[in-house]
Amino acid sequence: MFNLKALRKNKTVKYGVPMLLLVVGGSFGLREFTQIRYDAQKIRKKLDPSLEAKVNVQRQSVMLEEEYEKIKELNLEEWRNIRGPRPWEDSKEYQEQQRAKQNKKD
């Protein structure tokens, strides 16, 4: 009826079934381990207030008002646009040139 010796000699049963069990079982095992990893990251992760405000819409309006107050205090009438040095330029040399130009104007 059921020949056990024939099943033991069959290569599919001998090699294929354990391989299939390993792949399917490994998939479920990895899913559990990765879920533990993400849960641990959620616990440890804390947002700084500025990022939290970007995510939380209710807190966003408060942050905008604070930024508006900071900008309102700035004196924009005396603001000058000064170009910074290019990567291939020497920054100290360029800064000295900018200061010399600025002193001539004043």
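Between Val17 and Val13 the shortest heavy-atom distance is CB-O, 3.8 Å.
With rounding to the nearest 0.5 Å, the separation of CG in Asp90 from CD in Gln95 is 9.0 Å. With rounding to the nearest 0.5 angstrom, the CD atom of Glu69 is 10.5 Å from the CD atom of Glu67. To the nearest 0.5 Å, atom CD of residue Glu96 and atom CZ of residue Arg99 are 7.5 Å apart.
With sequence neighbours excluded, no residue satisfies side chain to side chain donor-acceptor pair (under 3.5 Å) with Gln97.
Among pairs with a residue in residues 19-39, those fulfilling side-chain hydrogen bond (donor to acceptor under 3.5 Å, both in side chains) read Gln35-Asp39, at least two apart in sequence or across chains.
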